[in-house]
Amino acid sequence: MAITHSFQLQEYGGQPVQVTHSLPELKENEILIRVTHVGVCHSDVYIQDGYQDLGNGEKINFADSAMPMPLVMGHEIVGKVVAVGSRKDQKHIGQQRLLYPWMGCGQCATCAEGHDNHCEQPQSLGIFRQGGYAEHVIVPAAKYLLDIGDLDPAWACTLACSGLTVFSALRQLLPVKQASALAIIGMGGLGLSAISLAKKMGFSCIIACDIANDKLDAAKQLGADHLLNTKNSRAPDSALKSLAGQRLFGVIDTVGIPATVQMAISAVAKGARIVLTGLQGGQTELRIPLLPFNALSLIGSYTGSLTELSQLIALVRQGGIASLPVSQRPLCCLPEALSDLRKGNTIGRIVLNP
Ligand SMILES: [Zn+2]
Ligand SMILES: [Zn+2]
């Protein structure tokens, strides 16, 4: 039996450790991937902590969820197909592919409608099944393999989560006039991906918001039209409103804390949409009548569908979209990469090479 290695999280609050183990026999339809690039996402920091903060002392404890432990995290994966469980999939051997990680149960009506990412029994790679911080990863079926053509695999892997999440969020803003202002809050991997995608999708007045000037500089290089350091501003909501010329119709909040949600609600014009993708957590009060009075849509969005990921790859392969900054490190740097992400001192994405 072939031997492989992976980085396992063995307890919440601990560090992933390298383990050597044998590769399981492939079941029917399964595909074995030799991982070459895997992006480090902020969700992995929350998984490592073992909970999601709901504010006021409330938490979602992952120990009470269906997440396996030990767990190999890592869900932004590009690799090569090295073995298949079914003869019909032989043609895939040798192909370089991006993996769609947001699989559902594959049995329910939601999955049948193509919304795996909304399945009540999620099977996501690196969260509910073993993921890509490893030499090898197993995918349940060939339909989750996507052709990235000649895209740089170090950037392409980030499309599976940071790219897809903001692409889906931007699509949900599209009824909003693209000529009016769009604010993107948080210039981490998601926010920076959103800037260059929003440009390509025709948004012409993009305001980047963050508390760190070096991240705002990165946003400017990717095409942000205005920058707002919300930490330096005494009234960031008024500052945002005036940068938007009182016509802020779209917000993507990739942070998701009370301060960012309140800023967005107070800065937007009537008829606006606010899409929340950030998971930092907390609780906030909602003045309910202001939602109907202001015709405000507050939308939560989690990743995106398999169809959206193929649409995103097609869009990126057309060209004209700047890559977010990517720094590559060997897989053994995973603990440091998670710690750098936790401290907030990375620009763009860290991508590991197993
Ligand atoms: Zn992610
Ligand atoms: Zn399902």
Side-chain angles (χ1 to χ4, degrees), residues 7 9 16 29 35 37-49 52 60 62 65-67 71-78 98-134 137 139-141 143-144 146 154-169 186-194 197 252-256 275-281 300-309 312 324 326 334 337-338 340-342 344 346 348-352:
F7 270 79
L9 184 66
N29 298 322
V35 181
H37 300 80
V38 54
V40 184
C41 176
H42 213 106
S43 308
D44 296 331
V45 172
Y46 304 133
I47 297 174
Q48 189 185 23
D49 289 342
Q52 201 82 54
I60 298 174
F62 297 145
S65 78
M67 279 187 204
L71 171 69
V72 179
M73 303 184 290
H75 52 265
E76 293 186 340
I77 308 165
V78 165
L98 171 67
L99 311 186
Y100 175 78
W102 310 110
M103 301 138 189
C105 69
Q107 314 288 323
C108 71
T110 305
C111 283
E113 287 159 5
H115 296 291
D116 290 56
N117 57 316
H118 295 162
C119 176
E120 301 282 351
Q121 259 102 45
Q123 300 289 313
S124 325
L125 276 176
I127 301 176
F128 292 102
R129 67 166 72 226
Q130 306 302 330
Y133 296 143
V137 64
V139 183
K143 69 169 181 172
Y144 300 115
L146 293 128
W155 174 32
C157 71
T158 72
L159 298 177
C161 178
S162 48
L164 176 62
T165 300
V166 294
F167 176 64
S168 180
M187 289 300 121
L190 269 76
L192 290 177
S193 304
L197 269 175
I252 295 181
D253 182 358
T254 71
V255 180
V275 182
L276 272 155
T277 64
L279 290 165
Q280 269 193 37
S301 188
Y302 185 71
T303 68
S305 68
L306 179 57
T307 308
E308 284 175 315
L309 185 54
L312 171 61
L324 80 167
V326 167
L334 174 61
L338 288 168
D340 285 350
L341 208 56
R342 181 186 299 277
T346 49
R349 224 29 160 192
I350 301 169
V351 170
L352 303 176

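Atoms within a ligand are numbered from 1 in the order they appear, just like the ligands themselves. Residue numbers start at 1 and run along the sequence shown. Reckoned from all heavy atoms, side chains included, excluding hydrogens, waters and symmetry mates.
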Checklist entry - Between Ser193 and Gly189, is there a donor-acceptor pair closer than 3.5 Å when you use the side chain of the first and the backbone of the second? => result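 Looks like yes, one N/O pair under 3.5 Å.
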Checklist entry - Does the separation of the ring centres of His75 and Trp102 fall below 6.0 angstrom? => result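 Here the rings of Trp102 and His75 have centres that are less than 6.0 Å from each other.
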Checklist entry - Once rounded to 10 degrees, what value does the angle at the Zn ion (ligand 2) take between SG (Cys108) and SG (Cys111)? => result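 Reported to 10°, the angle equals 110°.
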Checklist entry - Angle at the Zn ion (ligand 1) between NE2 of His75 and SG of Cys161, to 10°? => result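 Rounded to 10°, it measures 120°.
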Checklist entry - Considering only heavy atoms from C-beta outward, does the side chain of Ile127 approach that of Met73 to under 4.5 Å? => result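 Heavy-atom side-chain distance check fails, nothing below 4.5 Å.
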Checklist entry - Quick check: does His42 have an N/O/S atom under 2.8 Å of the Zn ion (ligand 1)? => result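 Within the cut-off used here (under 2.8 Å), His42 places no N, O or S atom near the Zn ion (ligand 1).
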Item to check | Side-chain donor-acceptor pair present, Tyr100, Asp116, cut-off under 3.5 Å | outcome: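 Side chains of Tyr100 and Asp116: no pair found under 3.5 Å.
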